[in-house]
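The structure appears right after this line, and notes come after that.
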Amino acid sequence: MRYPLSCGHKIMKHNISITTVTESKVKGIDFNNIPLGTTFTDHMFICDYNNGVWENPRIEPMGMIPTHPAAMALHYGQAIFEGMKATVDADGNPMLFRADKNAARLNTSADRMGMPHFPTDLFVEGLTKLVDLERNWIPPTDGSALYLRPFMYADEAFIGMRAATHYKFIIMASPAGPFFSKRIRLWAEKHYIRAVNGGTGEAKAAGNYAAAIRPTELAKAKGFDQVLWLDAIEHKYIQEVGTMNIFFKIDGKFITPNRDGSILDGITRMSVIDILRDKGYQVTERTITIDEIQEAAKNKTLEEAFGTGTAVGIAYIQDIGVGDEVIHVSNESPVGLDVNNTLNAIKTGKVEDKFGWMQKVENQLA
Ligand SMILES: *Cc1c(COP(=O)(O)O)cnc(C)c1O
């Protein structure tokens, strides 16, 4: 079956072929002790792009993929990804959180990196079928989830600089235990930069992470957990944190950096904005300087700060290192904690999904 590049909004049923393993590995997994990022479920979803069409969507046993040494992603970096989570409700039904947003963002990233769109309906269908098949892999304990990693990369064997004509789109799944987020310390980086307007900061591109590894190691060596990225020109406007967007509470009101083309359009970020407003807080998206945060800390109006992202949910910020100084943010984050609890309650069906974010995964394969 062949799928044309362009894709309308109507949901079509795709012919996804499924090859299952003879015996699931899930029986050997201790959900209370899951090694982070190294445990994978039994199956993966794969689709190939050849000269303008996505073809052969399939679910097959998780395993190695033969790769030519000249695969273009390895040399020129056309590689993008998504990160999302499947959770279970009180009755054990798998649910997805705002999957359509991830499907759309993958294509925004694809545009910037000169890669083809992946049909959003096939994204959601492949994801749903995979989660349905792997439903026993979703850890039931509070705060746990099945982490889903959709990604696309250029697998054409070619030495030369142009957009590839062959790609793979894959979704793999990895169970993740409850995340006990300890309070974190950030390093405001004034030398290295992550992104500049016009660059690739808004794309969830593998290369953005490659460039962040060394600065993050240096920040860790100084006793911090993650880098707080500042703008590329004046090194004072706050952008985001490692794998998270950032929020500050000053004098009762929330502020978060506006999307200026250099920050990632986080789905947790957009959801937290809605939750905060729903709880009656004012949230403003605008430019924020590190000096303003330093001032607010001195005036004792800086009340909380937290990072937001799929992997951790909400990460509470304790301190921010700026040059020789350390800005002490707070020892507690009551509003951040409340927002995190609300987000988790929505994801596990414990409160009404009044925003319409959850999608139940029907049992189709049984
Ligand atoms: C994925 C990511 C985020 C968080 O996005 P979510 O959709 O909330 O998971 C923030 N910043 C960067 C750089 C990211 O890659």
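Whatever order the structure lists them in is the order used to number ligands and atoms, beginning at 1.
Val196 forms part of a hydrophobic cluster together with Ile233, judged by ILVMFWY side-chain heavy-atom separations under 4.5 Å.
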Give the intermediate values and the outcome of side-chain hydrogen bond (donor to acceptor under 3.5 Å, both in side chains) for residues Thr165 and Glu156. CA-CA 7 Å; Thr165 57; Glu156 178 185 356; 2.9 Å; yes
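The side chain to side chain contact (heavy atoms under 4.5 Å, CB included) check on Ala188 picks up Leu228, Leu230, Ile290, Ile320, Val322, with sequence neighbours excluded. Under the ring-ring contact (aromatic ring centres under 6.0 Å, His included) criterion, Phe81 pairs with Tyr209, not counting sequence neighbours.
Minimum heavy-atom separation, Gly177 to Ile34: N-CD1, 3.8 Å.
Heavy-atom neighbours of Lys25 NZ from other residues, nucleotides or ligands within 6.0 Å: above the threshold of 12.
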Where does ligand 1 get N/O contacts under 3.5 Å from the protein, atom by atom?
| from | atom 1 | to | atom 2 | distance (Å) |
| --- | --- | --- | --- | --- |
| ligand 1 | 7 (O) | Arg105 | NH1 | 2.8 |
| ligand 1 | 7 (O) | Arg105 | NH2 | 3.1 |
| ligand 1 | 7 (O) | Ile267 | N | 2.8 |
| ligand 1 | 8 (O) | Ile267 | N | 3.3 |
| ligand 1 | 8 (O) | Thr268 | N | 2.9 |
| ligand 1 | 8 (O) | Thr268 | OG1 | 2.6 |
| ligand 1 | 9 (O) | Thr310 | N | 2.9 |
| ligand 1 | 9 (O) | Thr310 | OG1 | 2.6 |
| ligand 1 | 11 (N) | Glu240 | OE1 | 2.5 |
| ligand 1 | 15 (O) | Lys204 | NZ | 2.7 |
| ligand 1 | 15 (O) | Tyr209 | OH | 2.3 |

